Amino acid sequence: MRLTILGGGGFRVPLVYGALLGDRAEGRVSHVTLYDEDPARLTAMARVLRDQAAEASAVSAASAADPGVDAPAVTVTGDLDEALRGADFIFSAIRVGGLEGRAADERIALAEGVLGQETVGAGGIAYGLRTVPVAREIARRIARTAPEAWVINFTNPAGLVTEAMAEELGERVIGICDSPVGLGRRIARLLGARPQDAWIDYVGLNHLGWVRGLRIGGRDELPRLLADTEALESFEEGRLFGAEWLRSLGAVPNEYLHYYYFNRDTVRAYQEAKQTRGAFLRDQQRGFYAEAGRAGAPAGAALAAWDRTRAEREATYMAENREAAGAPEREESDLESGGYEKVALALMRAIARDERATLILNVRNRSTLSVLDAEAVIEVPCLVDANGAHPVGVEQLPLHAVGLVTAVKAVEREILAAAASGSRAHAVKAFALHPLVDSVGVARRLLDGYAAEHPGLAYLR
């Protein structure tokens, strides 16, 4: 199979390639094409992947029982049609405006006293307004150049971008996120179960969902966890939200709901921080790409630089939220990601080999949640086979969750309308309707600030 990664110079690409190196099954990916508009990032990332393949080969050679590593071939290109042509699967992992854009999104929002996180609140809206027109054009190019390919969308805001691409690609685009997977895994282990043996009752939108039950052998074990304060406060989400609030909800929220439930505390922590998350990542990755792309560096140097950078990135994730919650630094168990690369590989296997799997994905609602229309992209457990991902029926949301989900989906629809029409009025409405933006006047100032900063918003009028 041939895999194309759009945004192939992106920092998380080695996670995907590393997962492919461990796949020994028949019908595995044999060729990876990296597409990116930045040649320097492509060069650096190709060196990291080369080091990964060499390391895997060396480990294999040292083991008599290991059959050896057949690393997928890697090519790089800045030509989109060339990258798409002949692809069986396409990962979309672009970042319109780069990390400089993310840092600006945070700075402009915080100056107005509102959250600027890249997928939540004002920052997520600005990012969506920049990204949706580009994602739609990519979807049109895929439909024309690689109509039989399956598209797996990593690009944030993942639910919004998947919905935009689905206008052109229908069911052949599926969004993924590792947050629900990581949350379900942590809960299952606390309850003494293997994650693969647990059914996670999770529902919502991307970065706006709740684990409402976790069934092991047909029995819901989540109430047992909710009753145990010590267990609740032993993992990331429990420390963020607190045992009392989780018991009040009767569910465990996705970590991103901390921005909603503790908004004032989080905004204050972000305003007082020495540097925003986007600015930190911008500076950190600037150093990494310079080091990894340096000509004449010894073998293994690029991968070593990536490993160091990734470890620091994971350790500082949501640091402001933990500070606002009075939570300690992340523990070793919290540093393990949800494994979005593993979810992507499982999704590819299920489709390509017709190996049925159950995965939490971003897909069209159909009739799953009655409060949303059929085209709305939601995040729920899905059964996956050769025909794609099929959402599983779930119990309806409680009213407090309905309010958040429908409000944020209304914001996403205004972003889609603004990107399609170029209407400033729709863009202002997207900001003003968001639960974390408290004034139409603030909404107008936010849009003015973002439009002045980002050339990618010049289409709004």
Side-chain angles (χ1 to χ4, degrees), residues 177-262 265-266 314 317-318 321-340 342-343 346 357-361 368-369 378-382 391-402 404-405:
C177 179
D178 58 352
S179 290
V181 179
L183 174 56
R185 181 182 298 144
R186 288 188 283 275
I187 294 174
R189 288 175 176 166
L190 276 172
L191 291 168
R194 297 191 311 165
Q196 60 266 37
D197 295 334
W199 170 265
I200 305 168
D201 178 5
Y202 182 94
V203 64
L205 306 179
N206 180 239
H207 290 180
L208 190 74
W210 297 261
V211 171
R212 304 179 302 175
L214 193 136
R215 290 178 170 78
I216 304 167
R219 176 185 173 87
D220 185 6
E221 299 290 348
L222 187 62
R224 177 161 64 89
L225 175 61
L226 292 173
D228 187 337
T229 297
E230 184 177 351
L232 278 178
E233 294 181 347
S234 70
F235 72 110
E236 176 102 324
E237 287 77 9
R239 290 190 292 269
L240 273 179
F241 294 103
E244 181 181 356
W245 182 239
L246 296 186
R247 277 196 285 268
S248 295
L249 291 172
V252 182
N254 184 295
E255 60 201 349
Y256 284 83
L257 273 152
H258 193 265
Y259 294 114
Y260 294 87
Y261 293 143
F262 295 90
D265 316 74
T266 306
E314 292 294 334
Y317 177 66
M318 293 190 81
N321 297 72
R322 291 196 303 279
E323 180 180 339
E329 291 186 2
R330 301 184 86 188
E331 296 185 1
E332 191 67 30
S333 59
D334 297 325
L335 295 179
E336 180 187 8
S337 74
Y340 89 127
K342 296 174 185 175
V343 179
T358 303
L359 302 167
I360 298 173
L361 301 167
T368 310
L369 286 179
I378 60 173
E379 192 168 74
V380 287
C382 297
V392 175
V394 296
E395 292 183 11
Q396 296 305 298
L397 291 163
L399 285 177
H400 69 86
V402 168
L404 280 176
V405 165

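The shown structure was predicted, so the numbers you read here are calculated from the model rather than taken from an experiment.
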Side-chain donor or acceptor of Arg224 paired with backbone N/O of Leu191 under 3.5 Å: yes
Closest contact, heavy atoms only, Leu246 versus Pro253: CD2-CD, 3.3 Å
Nearest-0.5 Å distance, CG of residue Leu359 to CD1 of residue Ile200: 10.0 Å
Glu237 side chain reached by Leu183 side chain, heavy atoms, under 4.5 Å: yes
Side chain Arg247, main chain Leu226, donor-acceptor under 3.5 Å: yes
Any side-chain heavy-atom pair of Trp199 and Ile216 under 4.5 Å: no
Nearest heavy-atom neighbours spanning Val380 and Pro391: CG2-CB, 3.8 Å
Any Arg212 side-chain heavy atom under 4.5 Å of Leu397 side chain: yes
Heavy-atom closest pair, residues Val392 and Thr368: O-CG2, 3.6 Å
Close side-chain approach of Tyr202 and Val252, heavy atoms under 4.5 Å: no
pair Leu225-Leu214: side-chain heavy atoms closer than 4.5 Å: no
Tyr259 side, atom OH; His207 side, atom NE2 - distance, nearest 0.5 Å: 9.0 Å
Ring centers of Trp245, Tyr261 separated by less than 6.0 Å: yes
pair Val203-Leu369: side-chain heavy atoms closer than 4.5 Å: yes
Non-hydrogen side-chain atoms of Asp178 and Val343 separated by less than 4.5 Å: no
Thr229 versus Ala243, closest heavy-atom pair with distance: CG2-CB, 3.9 Å
Value rounded to 0.5 Å, distance of CG in Leu361 from SG in Cys177: 10.5 Å
For Arg215, all residues meeting salt bridge (Lys or Arg N to Asp or Glu O under 4.0 Å), sequence neighbours excluded: none
From CH2 (Trp210) to CG (Leu404), nearest 0.5 Å: 5.0 Å
Glu221 bridged to Arg219 by N-O distance under 4.0 Å: yes
Residue list, side chain to side chain donor-acceptor pair (under 3.5 Å) with Gln396, at least two apart or on another chain: Ser370
Nearest-0.5 Å distance, CG of residue Leu257 to CG of residue Leu240: 11.0 Å
Distance in Å, Asn254 CG paired with Phe241 CZ, rounded so as to fall on 0.5 Å steps: 7.5 Å
Within 6.0 Å of CD in Gln196, more than 12 heavy atoms from elsewhere: yes
Mutual orientation of the aromatic rings belonging to His258 and Phe262 [parallel < 30°, tilted 30-60°, perpendicular > 60°]: parallel
pair Ile360-Cys382: side-chain heavy atoms closer than 4.5 Å: no
